[in-house]
Chemist: 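Provided herewith is a single structure, encoded as structure tokens, for subsequent inquiry.
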Number of protein chains: 2
Amino acid sequence: MELTQEMIKGTVVPVILKLLAERAMYGYELIRVVNERTHNALQWKEGTLYPWLHRLEADGLIRGEWDEAASGRQRKYYRITRKGAAALEKTVHEWVTLSSAVNAILLAPSMA
Amino acid sequence: MELTQEMIKGTVVPVILKLLAERAMYGYELIRVVNERTHNALQWKEGTLYPWLHRLEADGLIRGEWDEAASGRQRKYYRITRKGAAALEKTVHEWVTLSSAVNAILLAPSMA
DNA sequence: GATGACACCTCGGAACACGAGGTATGTAAC
DNA sequence: GTTACATACCTCGTGTTCCGAGGTGTCATC
């Protein structure tokens, strides 16, 4: 019964879309940025992220493109599509609705 | 790719514990109360709730007891245990940490 | 006596996370 | 030059979960 991990589900998609809306990034970078920005509250793993990137690309929400870094290393940079931007807006709204509802219950004062 | 349903996962346990910390309730009642309090933002289903009640009882976080309602109908009232109260505190803290981290990303101003 | 709300439950298919494993390249140390 | 590590991509299998569909029985109403 690993609660935290369960909570993380469902936040993956909006967070990916949001970060890619800010700027194009490659998979490994996304993991690093998320772990840093959330101080490891969200601990993303490769086994979770890569399949999602493929799914989102298949759905046309993001588009990946191989590019050569200055070091000469190949990286696959993803950027958000128009369709993805629309999905982002929708999913953020869903998150706000849900988290507000949950907060309203969890943070209500306990009855004595 | 049903995002909202995915998000709901992980919120089930803290919400159950919190509501039972307020007062003893039976399963069917929990579903009704949650759907009302969240205006259907969380739409709980029986197929999700009942297995969780059994799991939480098996883990000693809640305790169920059959009781006869005034109508004569049998209901299984659940109440939180001492162990459950500790788990509630922990899981609420986890939720706050997680939702704050996600909000920090999702609600950040988009770069132009 | 039939219909529908209440109240409990289980089962099975589909979806998902993630650990473990794999490949390949650049960099640093020795 | 080769060993070792960080980078960077990927897939597969196991275990876990949701929830629609189905089942049982009770009570109230008509």
Side-chain angles (χ1 to χ4, degrees), chain A residues 1-16 24-36 40-59 62-78 91 94 98 102, chain B residues 1-16 24-36 40-59 62-78 91 94 98 102:
Chain A
M1 199 177 39
E2 201 48 67
L3 298 175
T4 313
Q5 292 310 308
E6 272 304 312
M7 290 181 193
I8 293 176
K9 290 188 198 182
T11 66
V12 179
V13 172
V15 170
I16 290 175
M25 293 172 89
Y26 56 98
Y28 208 79
E29 188 182 13
L30 275 166
I31 293 174
R32 233 186 318 112
V33 168
V34 164
N35 292 347
E36 277 172 19
N40 290 312
L42 265 59
Q43 288 191 31
W44 282 11
K45 314 289 164 62
E46 301 183 40
T48 303
L49 180 65
Y50 286 118
W52 268 115
L53 290 176
H54 303 330
R55 266 172 252 161
L56 292 176
E57 184 167 26
D59 288 339
I62 64 178
R63 190 167 40 247
E65 204 170 295
W66 285 100
D67 203 356
E68 192 159 347
S71 60
R73 191 191 295 277
Q74 291 292 319
R75 289 169 177 165
K76 198 168 182 183
Y77 283 87
Y78 289 94
T91 195
E94 286 177 346
L98 174 80
V102 172
Chain B
M1 200 177 38
E2 200 49 70
L3 298 174
T4 312
Q5 291 310 310
E6 273 304 313
M7 291 180 192
I8 293 177
K9 292 187 197 181
T11 66
V12 179
V13 171
V15 170
I16 290 176
M25 291 172 89
Y26 55 98
Y28 208 78
E29 188 182 12
L30 275 167
I31 293 174
R32 234 188 315 112
V33 168
V34 165
N35 291 347
E36 279 172 18
N40 290 311
L42 266 59
Q43 288 191 32
W44 281 11
K45 313 292 165 56
E46 300 183 40
T48 303
L49 180 65
Y50 285 117
W52 268 115
L53 290 176
H54 302 331
R55 264 171 257 163
L56 293 175
E57 185 167 26
D59 288 338
I62 62 177
R63 190 167 40 246
E65 204 171 293
W66 285 100
D67 203 355
E68 192 159 348
S71 60
R73 191 190 295 275
Q74 290 293 319
R75 288 169 177 165
K76 196 166 181 183
Y77 283 88
Y78 288 94
T91 195
E94 286 176 346
L98 173 79
V102 172

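Numbered from 1 within each chain, the chains take letters A, B, ... in sequence-line order.
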Chemist: Nearest whole angstrom, please: distance from the C1' of C:dC16 to the CD1 of A:Ile16.
Modeler: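 A:Ile16 atom CD1 is separated from C:dC16 atom C1' by 13 Å.
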
Chemist: Check whether any side-chain N or O of A:His54 sits under 4.0 Å from OP1 or OP2 of D:dC9, and answer yes or no.
Modeler: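 Result: no.
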
Chemist: Show, in sequence, the C-alpha distance, side-chain angles and deciding distance for B:Tyr78 and B:Leu56, and conclude whether the side chain to side chain contact (heavy atoms under 4.5 Å, CB included) test is met.
Modeler: CA-CA 10 Å; B:Tyr78 288 94; B:Leu56 293 175; over 6 Å; no

Chemist: With respect to B:Lys76, which candidate in B:Met25, B:Glu57, B:Glu65 satisfies the side-chain contact (heavy atoms from CB on, under 4.5 Å) definition?
Modeler: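 Only match with B:Lys76 under side-chain contact (heavy atoms from CB on, under 4.5 Å): B:Glu57.
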
Chemist: Please determine, for the side chain of B:Tyr28, which listed nucleotide (D:dC10, C:dC9, C:dA7) has the closest atom?
Modeler: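 My answer, after comparing the listed nucleotides, is C:dA7.
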
Chemist: Rounded to the nearest 0.5 Å, what separation is found between the OH atom of A:Tyr26 and the CZ atom of A:Arg32?
Modeler: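 The CZ atom of A:Arg32 is 4.5 Å from OH of A:Tyr26, to the nearest 0.5 Å.
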
Chemist: C:dA17 phosphate, OP1 or OP2: any side-chain N/O from A:Trp52 under 4.0 angstrom?
Modeler: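 Looking at the OP1 and OP2 atoms of C:dA17, one of them is under 4.0 Å from a side-chain N or O of A:Trp52.
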
Chemist: With a 4.0 Å limit, can you tell me whether A:Trp66 has a side-chain N or O closer than that to the phosphate oxygens OP1/OP2 of D:dA8?
Modeler: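 False: A:Trp66 side-chain N/O out of range (4.0 Å or more) of D:dA8 OP1/OP2.
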
Chemist: From NZ of A:Lys76 over to C1' of D:dC10, roughly how many Å is that when rounded to an integer?
Modeler: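 So the NZ-C1' distance, A:Lys76 to D:dC10, works out to 10 Å.
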
Chemist: Mind calculating the distance between CZ (A:Arg55) and P (D:dC10) to the nearest angstrom?
Modeler: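 The answer, rounded to whole Å, is 13 Å.
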
Chemist: Taking CH2 from A:Trp44 and P from D:dC10, how many angstroms apart are they, rounded to a whole number?
Modeler: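 The distance from CH2 of A:Trp44 to P of D:dC10 comes to 15 Å, rounded to the nearest Å.
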
Chemist: Between D:dA8, C:dC8, C:dT10, which nucleotide has the shortest distance from any of its atoms to the side chain of A:Arg75?
Modeler: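 Taking heavy atoms from C-beta onward, the closest nucleotide is D:dA8.
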
Chemist: Does A:Lys45 put a side-chain nitrogen or oxygen below 4.0 Å from OP1 or OP2 of C:dA20?
Modeler: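 Negative; the distance criterion is not met.
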
Chemist: At under 4.0 Å, does any side-chain N or O of B:Tyr50 touch on OP1 or OP2 of C:dC9?
Modeler: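 False: B:Tyr50 side-chain N/O out of range (4.0 Å or more) of C:dC9 OP1/OP2.
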
Chemist: Look at the side chain of A:Gln74 against the base of D:dC9 and say whether a donor-acceptor pair falls under 3.5 Å; ignore hydrogens and angles.
Modeler: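 Answer no: no donor N or O sits under 3.5 Å from an acceptor.
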
Chemist: As an exercise, state the distance from CG of B:Asn35 to NZ of B:Lys45, rounded to the nearest 0.5 Å.
Modeler: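 Rounded to the nearest 0.5 Å, the CG-NZ separation comes to 8.5 Å.
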
Chemist: Nearest whole angstrom, please: distance from the P of C:dT25 to the CD of A:Glu68.
Modeler: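 Rounded to whole Å, this separation is 12 Å.
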
Chemist: Does A:Arg32 put a side-chain nitrogen or oxygen below 4.0 Å from OP1 or OP2 of D:dA8?
Modeler: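 So the side chain of A:Arg32 is within the cut-off, an N or O lying under 4.0 Å from OP1 or OP2 of D:dA8.
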
Chemist: Calculate the interatomic distance between A:Glu46 atom CD and D:dA6 atom P; express it in whole Å.
Modeler: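 Whole-Å distance recorded here is 13 Å.
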
Chemist: C:dT10 P sits how many Å from B:Leu53 CG, rounded?
Modeler: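 Rounded to the whole Å, the gap is 11 Å.
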
Chemist: With respect to B:Val34, which candidate in B:Val12, B:Ile16, B:Leu42, B:Leu49 satisfies the side-chain contact (heavy atoms from CB on, under 4.5 Å) definition?
Modeler: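 Only one option passes, and that is B:Leu42.
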
Chemist: Which nucleotide wins on minimum distance to the side chain of B:Arg73, given the candidates C:dA24, C:dC6, D:dC9?
Modeler: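 Minimum distance to the B:Arg73 side chain belongs to C:dC6.
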
Chemist: Whether A:Tyr26 contacts D:dA8 is assessed here as follows: a side-chain N or O lying under 4.0 Å from the phosphate OP1 or OP2. Is that the case?
Modeler: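 A:Tyr26 to D:dA8 OP1/OP2: side-chain N or O found under 4.0 Å.
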
Chemist: Let me know the distance between CG of B:Asn35 and C1' of D:dC19, rounded to the nearest Å.
Modeler: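 One finds 14 Å between C1' of D:dC19 and CG of B:Asn35, rounded.
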
